[in-house]
Amino acid sequence: MGAFIPEENDTMTLSFDDGADIECAVVAVFPAGGKDYIALLPLEGQGVDEDEVYIYRFIGAENEDDVKLEDIDNDEEWDMVSDAFDELLDSEEFDEIFEEE
């Protein structure tokens with residue numbers, strides 16, 4: 001059995017250190033620099049900026065409960081991942097995803 005990888009339109013709940021839980025839509029899981037990353041967009045009505053995309057290092061697991069998200073804590077990695085996400089947004093395939101919704 002392969003690792004669980006969420007797909008676009010799936011949702012995940014982010015739990016923050018302050019106790020807040022935010023339900024997010026999965027925008028994309030994408031590779032950059034030999035690692036996988038996930039982009040998450042908060043769902044409406046949660047009191048957060050719904051235009052802010054959260055990006056984390058993504059480590060797949062056998063099931064959804066064991067998936068790990070890690071903060072990107074160095075500027076060089078963040079720049080690389082941001083560029084990869086921008087390229088994804090600019091791609092024709094990504095435009096088609098949003099046109100279907």
Side-chain angles (χ1 to χ4, degrees):
M1 180 176 191
F4 170 79
I5 304 285
E7 296 182 20
E8 287 88 3
N9 301 321
D10 282 351
T11 61
M12 293 184 77
T13 301
L14 294 178
S15 297
F16 293 94
D17 291 339
D18 65 1
D21 289 333
I22 308 250
E23 187 74 15
C24 297
V26 175
V27 176
V29 175
F30 59 98
K35 297 179 182 176
D36 289 326
Y37 296 87
I38 189 167
L40 303 166
L41 184 65
L43 299 177
E44 290 182 25
Q46 299 187 85
V48 296
D49 184 356
E50 294 152 7
D51 293 330
E52 184 176 354
V53 175
Y54 298 107
I55 300 176
Y56 292 94
R57 194 175 311 114
F58 175 82
I59 300 168
E62 291 299 314
N63 62 60
E64 183 175 2
D65 295 332
D66 294 332
V67 164
K68 290 178 74 177
L69 303 181
E70 296 178 343
D71 290 331
I72 301 166
D73 53 8
N74 101 25
D75 291 339
E76 185 177 308
E77 181 180 8
W78 178 255
D79 290 343
M80 175 196 60
V81 173
S82 294
D83 289 344
F85 184 65
D86 287 343
E87 287 177 24
L88 179 66
L89 288 177
D90 290 341
S91 75
E92 191 173 316
E93 294 172 12
F94 199 81
D95 291 339
E96 291 172 6
I97 291 170
F98 280 105
E99 288 174 7
E100 292 173 6
E101 292 179 356

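Positions are given from 1, in the same order as the sequence printed here.
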Starting from the C-alpha separation in whole Å, work towards a yes-or-no answer on side chain to side chain contact (heavy atoms under 4.5 Å, CB included) for L40 and V53. CA-CA 6 Å; L40 303 166; V53 175; 6.0 Å; no
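Residue pairs meeting the ring pair (Phe, Tyr, Trp, His ring centres under 6.0 Å) criterion with at least one member in residues 25-44, sequence neighbours excluded: F30-F85. Listed by first then second residue, pairs satisfying salt bridge (Lys or Arg N to Asp or Glu O under 4.0 Å) with a partner in residues 80-89 number zero, not counting sequence neighbours.
Partners of Y56 under the ring pair (Phe, Tyr, Trp, His ring centres under 6.0 Å) rule, at least two apart in sequence or in another chain, do not exist in this structure. Considering only residues two or more places apart in sequence or on other chains, N74 meets the side chain to side chain contact (heavy atoms under 4.5 Å, CB included) condition with E76, E77. Scanning for side chain to side chain contact (heavy atoms under 4.5 Å, CB included) contacts around D73 gives R57, with sequence neighbours left out.
Of the inter-residue distances, the one linking S82 atom OG with I72 atom CD1 reads 7.0 Å to the nearest 0.5 angstrom. Put simply, CD1 on I55 and CG on L41 are 11.0 Å apart, with the number rounded to the nearest 0.5 Å.
By the 4.5 Å heavy-atom criterion applied to side chains, L69 and Y54 are not counted as neighbours. Side-chain contact between I38 and M12: present, with at least one pair of heavy atoms (C-beta onward) separated by less than 4.5 Å. L43 has its side chain within reach of T11: a pair of non-hydrogen atoms, C-beta onward, lies under 4.5 Å apart.
Counted within 6.0 Å of CG on D18, heavy atoms from surrounding residues, nucleotides or ligands total more than 12; the atom is thus considered enclosed.
When every heavy atom of M80 is checked against every heavy atom of G33, the shortest pair comes out as SD-CA, 3.5 Å. Taking each heavy atom of P31 and A84 in turn, the nearest pair found is O-CB, 4.3 Å.
Side-chain atoms of D21 and T13 include no donor-acceptor pair closer than 3.5 Å.
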